[in-house]
Amino acid sequence: MSNLKLLRKILRLKSLKITNFWFNNRDRELHLAVKPYKNGCRCPECGRRGRIVHQTTELRRWEDLALMGMRILLWYAPKEIRCPTHGRVQEEIPWAPACARISYRLEWRICALCQIMTQKAAAEILLLPTSTLSNLLHRVITRVRHGHKIRAVTTLGVDEISYCKGRKFATLVYDLDRARVLWVGPGKGRDTIDRFFNECLSRGQKARIVWASCDMSRAYIEAITHHCPNVTLVIDRFHVVKALNQAVDEVRKEQWRALDTQGRKAIKGLRWLLSMHSRHRTKGHTRFLNSLRNSNRRIHRAWVLKDEFEHFWNYRYRASAETFLRRWMTAALRSRIPTLRTFVGTLRTHLANILAFIDRHLTNAVGEGLNRIIKIVKNRASGYRHLDHFADMIYLTVGDLDIPAHIPSQLRTL
Ligand SMILES: [Zn+2]
């Protein structure tokens with residue numbers, strides 16, 4: 001077996017022919033002069049063979065997967081051909097996408113590694129500088145996302161995430177049926193969410209959205225109802241409960257400030273107990289909370305109201321749920337606790353959208369699950385300063401992307 005054939009076999013370069021090889025940089029780089037197998041000369045659009053019209057001598061370089069700590073670089077001078085349909089084009093390169101500086105195999109490896117580790121760790125394995133790797137990943141993600149059409153969406157979820165140490169925000173749009181992130185955009189205002197609807201969805205697609213879930217932010221609610229004529233908006237349960245818990249916690253804080261050391265001791269450890277769902281409480285917890293009836297009536301009142309509110313989520317019929325909610329609101333107003341009154345005000349504003357939960361028990365739970373994965377990605381990298389890199393990683397791990405469709409199957413070897 002000749003050296004060239006052996007090299008081709010070891011490197012598993014099936015779609016091309018090695019014409020020459022040399023080592024560089026103290027044997028740390030293996031350079032290969034290659035050409036497409038069976039002469040190539042195919043149109044990248046339609047795959048038909050074309051006549052060569054221009055033969056350049058200018059060599060182009062592609063980086064391939066490193067082997068045994070040795071970088072592998074491919075060299076070739078692409079020809080220009082004339083396709084009967086597409087005119088004068090550059091011939092198709094079987095081992096790399098058009099205009100790319102790296103091979104399909106390296107792209108595939110970058111995507112696979114970045115899904116399970118930080119870009120820094122992946123860069124070390126692939127013998128690339130970290131900044132180069134993030135640029136390469138950005139190119140792959142951009143290419144895959146370009147021309148990608150969002151498939152039939154009927155249930156939309158919108159939420160915000162923070163990055164840059166919690167100083168900046170981004171809006172995430174989910175497809176809650178398929179549990180994928182459809183879009184990531186900077187900011188959390190109306191113009192951000194408007195951009196998603198204007199750029200990513202056609203009029204027909206907007207009309208087909210029947211359910212949507214979001215928090216109580218006015219920007220999101222108004223945008224969703226403005227763009228989707230047939231939508232039923234459900235306020236996310238998680239956010240309602242969070243607002244209620246905050247209102248109850250305010251009562252605890254206010255009492256804490258007013259009490260002396262002795263009194264403070266009596267309500268110690270309440271912070272987590274108050275926000276805990278009744279399902280997770282032990283008997284001891286409940287006994288402690290019940291004892292507050294005598295020691296601290298105000299906190300006890302707030303807790304009882306909070307606990308009663310949990311029943312709302314179990315209702316099956318809208319009318320009875322509404323009766324329950326109205327009664328609860330009256331009781332909360334009577335408690336004369338200002339923070340709970342504010343919460344009742346919020347409930348009143350969003351009443352129809354909160355009651356919509358009874359018709360379809362839709363929550364952002366899927367979105368929260370995706371957020372957990374996103375948080376892992378974020379923490380793994382110790383946070384992101386720029387949304388671009390963060391968005392790439394979000395699309396890569398939980399995005400609505402079809403990366404395999406853009407990389408030929410025989411080159412997806414690892
Ligand atoms: Zn063609």
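For the pair Arg145 and Tyr395, the distance from NZ or CZ to the six-membered ring centre is under 6.0 Å and the angle to the ring normal is within 45 degrees. Seen from the ring of Tyr76, Lys35 does not count as a face-on cation partner, given the 6.0 Å and 45° thresholds.
With 3.5 Å as the limit, one finds a donor-acceptor pair spanning the side chains of Tyr220 and Thr171. Asp177 and Thr154 are linked by a side-chain donor-acceptor pair at a separation below 3.5 angstrom, with hydrogens and angles left out of the test. If you check the side chains of Asp236 and His239, you find a donor sitting under 3.5 Å from an acceptor. Defined by atom type and a distance below 3.5 Å, a donor-acceptor pair is missing between the side-chain atoms of Tyr104 and Asp64.
For Arg195, the salt bridge (Lys or Arg N to Asp or Glu O under 4.0 Å) partners at least two apart in sequence or on another chain are Glu199.
A salt bridge links Glu29 to Arg71: one of the charged nitrogens lies within less than 4.0 Å of a carboxylate oxygen. For the pair Glu322 and Arg326, the salt-bridge criterion is met [side-chain N within less than 4.0 Å of a carboxylate O]. Under 4.0 Å is where a charged nitrogen must lie from a carboxylate oxygen, and between Arg257 and Glu254 no such pair does. Under a 4.0 Å N-O distance rule, the pair Arg88/Glu80 qualifies as a salt bridge. Comment: Glu310 does not engage Arg279 in a salt bridge, judged by the lack of any side-chain N to carboxylate O separation of less than 4.0 angstrom.
The main-chain N or O of Leu128 is never found under 3.5 Å from a side-chain atom of Thr132 such that the two would form a donor-acceptor pair. In this structure, Arg180 contributes its side chain and Gly399 its backbone to a donor-acceptor pair below 3.5 Å.
Using cut-offs of 30° and 60° on the angle between ring planes, the pair His31 and Trp75 is parallel. Ring geometry, His361 versus Phe357: the interplanar angle falls under 30°, so the pair is classed parallel (tilted spans 30 to 60°). Aromatic ring pairs are classed by plane angle as parallel below 30°, tilted from 30° to 60° and perpendicular above 60°; the pair His227 and Phe197 is parallel. The aromatic rings of Tyr315 and Phe324 lie tilted to each other, with the angle between the two planes from 30° to 60°.
Evaluated for a side-chain contact (heavy atoms from CB on, under 4.5 Å) with Tyr174, the options Val398, Val158, Asp159 yield exactly one hit, Asp159. With Leu65 as the partner, the side-chain contact (heavy atoms from CB on, under 4.5 Å) test is satisfied by one option alone out of Ile72, Leu126, Leu127: Leu126. If you run side-chain contact (heavy atoms from CB on, under 4.5 Å) between Val153 and each of Val173, Leu176, Asp175, only Asp175 comes through.
Here the closest heavy-atom approach between residue Ser162 and residue Lys378 is recorded as O-NZ, 2.9 Å. Scanning both residues, Leu7 and Leu30, for their nearest heavy atoms gives CD2-CD2, 4.0 Å. Contact between Trp211 and Ala356 at its shortest, heavy atoms only, is CZ3-O, 4.2 Å. Among all heavy-atom pairs drawn from Glu91 and Cys41, the shortest one is OE1-N, 2.8 Å. Between Gln119 and Cys114, the shortest heavy-atom distance links the atoms CG-SG, 4.2 Å. When all heavy atoms of His386 and Tyr163 are compared, the closest pair comes out as C-CE1, 4.2 Å.
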Does Glu45 form a side-chain contact (heavy atoms from CB on, under 4.5 Å) with Thr85? I'd like the steps, not just the answer. CA-CA 9 Å; Glu45 300 283 334; Thr85 344; over 6 Å; no
Go through Ile358 and Arg316 one step at a time and tell me if the side-chain contact (heavy atoms from CB on, under 4.5 Å) criterion holds. CA-CA 6 Å; Ile358 307 299; Arg316 292 278 183 106; 5.6 Å; no
